[in-house]
Number of protein chains: 2
Amino acid sequence: MNALTALTSRVVVCNKRSNILREGDPCETIYLVRTGWACRHTILPDGKRQIISFVIPGDLCNDHGLLSKHMEHCIDTLTPCEIGVISPHQFLDMLNQHPRISRALYWSGLVTEAMLRERIVTLGRRNATQRIAHLFCELLLRLNAAGLAQNHRYELPLTQGDIADTLGLTIVHVNRVIQTMRTMGLIKLKSHVLEISNWDSLTALGKFDLRHVNGLTGNDDRTSTAQQLHWSPWPEGLASVH
Amino acid sequence: MNALTALTSRVVVCNKRSNILREGDPCETIYLVRTGWACRHTILPDGKRQIISFVIPGDLCNDHGLLSKHMEHCIDTLTPCEIGVISPHQFLDMLNQHPRISRALYWSGLVTEAMLRERIVTLGRRNATQRIAHLFCELLLRLNAAGLAQNHRYELPLTQGDIADTLGLTIVHVNRVIQTMRTMGLIKLKSHVLEISNWDSLTALGKFDLRHVNGLTGNDDRTSTAQQLHWSPWPEGLASVH
DNA sequence: CGCTCCCTTGATCCGAGTCAACAATCGTGG
DNA sequence: CCACGATTGTTGACTCGGATCAAGGGAGCG
């Protein structure tokens, strides 16, 4: 993703808890989060919020935005963020000239979709404890892949309200479950740093299954057919594959 | 999608409630559902099932499967299905030679992702009544777009158990909610045919918001930037755009 | 120093789950 | 065409996980 960083013509600094993109906003410009966390979310008519996914350093806010004229959901920062701005022209040029990045981007789109599906499973069929355990495990893997976690420990800038709105729970209940996890010695969570003290127990508690985040672990076994066929998912045709 | 149909070298007929693709299966081959319904789902270790999405006539079972070596979830038929089989070579050739279909496919991928996000909102922040109302409305629009519904009426081959596993509810509760909707005169549901008798009330009940299924309604306002830039999402580079 | 979020805990309530029994429908083979 | 077993739908009684309401306590910050 460093090549993407190089592309950013300018960097915008956003305050904590501020709005990057609002539902209905035009989205020609590509935004790359360089530091900080953001989240996609929807506000329902009755004021309830559902967080759909998190955007962490290295992620694009609207990677396939090029085909959509308008945003379908909001993106807000959770922490102060540095956001790189990429013009559509630059972005498309990059796609054409750097097939490897193109493929990495497409790949990350697939991982994103897999995470959305897994979230659906979580919300549909797991209880509060499993949901929270699952989220903590998933974030560890993801942040690990981004180099933002060391030995089962990472910065977690979410409030308990954010966690509640991610997992379809209430603040109060999230708090109680986290308390239990603390007293069980599974996690330490203090001033927005999470440490998973007992990975095995936590994964067991959350029925966390590594298969679904395979794309994050590095030891994925995919991309055969397309590569065999010298096929590139994105580019214009100017790109020579492999 | 007719051009896709033409591509299918052979057609497989599957029984009702049979397995098309299993988690971990290799997925080089592309499967196009020509008639019948199928669903993506996951079975959890404790035996619970979560249905992730429905596959209806015209949909591909594994469109971006070309980049994944293995399936990450199962696909089962819900009704008897005729499934067209497309080899990866044929598929890629098509992508190169028919940029319009390519774009339509990419577009449908975006719509799919939007539906996944909307399902997350449903599961996270809507109650049982809203979930069911929402599902019925969403399916009407989707089937309408596929020409499979006429005046607020369509074939719904789901059992109440399927609906429960889609919406994170139990069979019993789904049944009670549907009963209520019937007695309120909102819907008629009998021998797998659903009629929405009172669209306005049902959408109000489900807080159903047309924005999120915009891609289905035909009057979408997207694809500007990419088209202006003569950019095609998929192809090899052999494709000349528009 | 005082506000404003955020976290924490208790008491109570309710939407949806569980358990159980039975009716209706469907499909299949005799 | 009917009989039988197997799904699917329906309803009631009861339970429970998580929501709601309410009240303090802490921590960051201007």
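Lettering of chains follows the sequences in order, A, B, ..., and the numbering in each one begins at 1. Both backbone and side-chain heavy atoms feed into the values below; hydrogens, waters and symmetry mates do not.
- In this view, B:Arg17 and B:Asp162 satisfy the salt bridge (Lys or Arg N to Asp or Glu O under 4.0 Å) rule, not counting sequence neighbours.
- Closest approach to the B:Leu169 side chain among C:dA16, D:dT11, D:dG18 is made by C:dA16 (side chain taken as heavy atoms from C-beta onward).
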Any N/O pairs under 3.5 Å between the protein and nucleotides 18-28 of chain C? List them or say none.
{"unit_1": "C:dT18", "atom_1": "O4", "unit_2": "B:Arg176", "atom_2": "NH2", "d": "3.3"}

Chi angles and distances behind the side-chain hydrogen bond (donor to acceptor under 3.5 Å, both in side chains) call for A:Arg40, A:Ser53: CA-CA 5 Å; A:Arg40 292 160 208 283; A:Ser53 62; 3.1 Å; yes
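- Close to D:dG17, at under 4.0 Å from its OP1 or OP2, lies no side-chain N or O of A:Arg126.
- Of the listed nucleotides (C:dT8, D:dT11, C:dC6), C:dT8 has the atom at the smallest distance from the side chain of A:Asn175.
- Classified by interplanar angle (parallel below 30°, tilted 30° to 60°, perpendicular above 60°), the ring pair B:Phe208/B:His134 is perpendicular.
- Here C:dC6 presents its P atom at 14 Å from CD1 of A:Ile178, a figure rounded to the nearest Å.
- Set against D:dT11, D:dG18, C:dC7, the side chain of A:Gln160 has C:dC7 as its closest nucleotide.
- Between the CE atom of B:Met181 and the P atom of D:dT10 there is a distance of 14 Å, given to the nearest Å.
- With rounding to whole Å, B:Ile132 atom CD1 is found 12 Å from D:dG9 atom P.
- Between the P atom of D:dT8 and the CD1 atom of B:Ile163 lies a distance of 12 Å, rounded to the nearest Å.
- The interatomic distance linking A:Asp165 (CG) with D:dA19 (P) rounds to 11 Å, in whole Å.
- One atom, CD1 of B:Ile171, and another, C1' of D:dT8, lie 8 Å apart when rounded to the nearest Å.
- Rounded to an integer number of Å, the gap from A:Asp162 CG to C:dC5 C1' is 12 Å.
- For the pair A:Glu113 and A:Arg117, the salt-bridge criterion is met [side-chain N within less than 4.0 Å of a carboxylate O].
- Straight-line distance from the CZ atom of B:Arg131 to the C1' atom of C:dA16: 10 Å, rounded to whole Å.
- Residues B:Thr5 and B:Arg34 bring no donor and acceptor atom of their side chains to less than 3.5 Å of each other.
- If you run side chain to side chain donor-acceptor pair (under 3.5 Å) between B:Asp165 and each of B:His41, B:Arg49, B:Lys48, only B:Arg49 comes through.
- Remark: the A:Ser18 side chain and the A:Asn15 side chain contain no N/O donor-acceptor pair separated by less than 3.5 Å.
- For the pair A:Gln179 and B:Asn127, both in contact range of DNA chain C, the more 5′-proximal nearest nucleotide belongs to A:Gln179.
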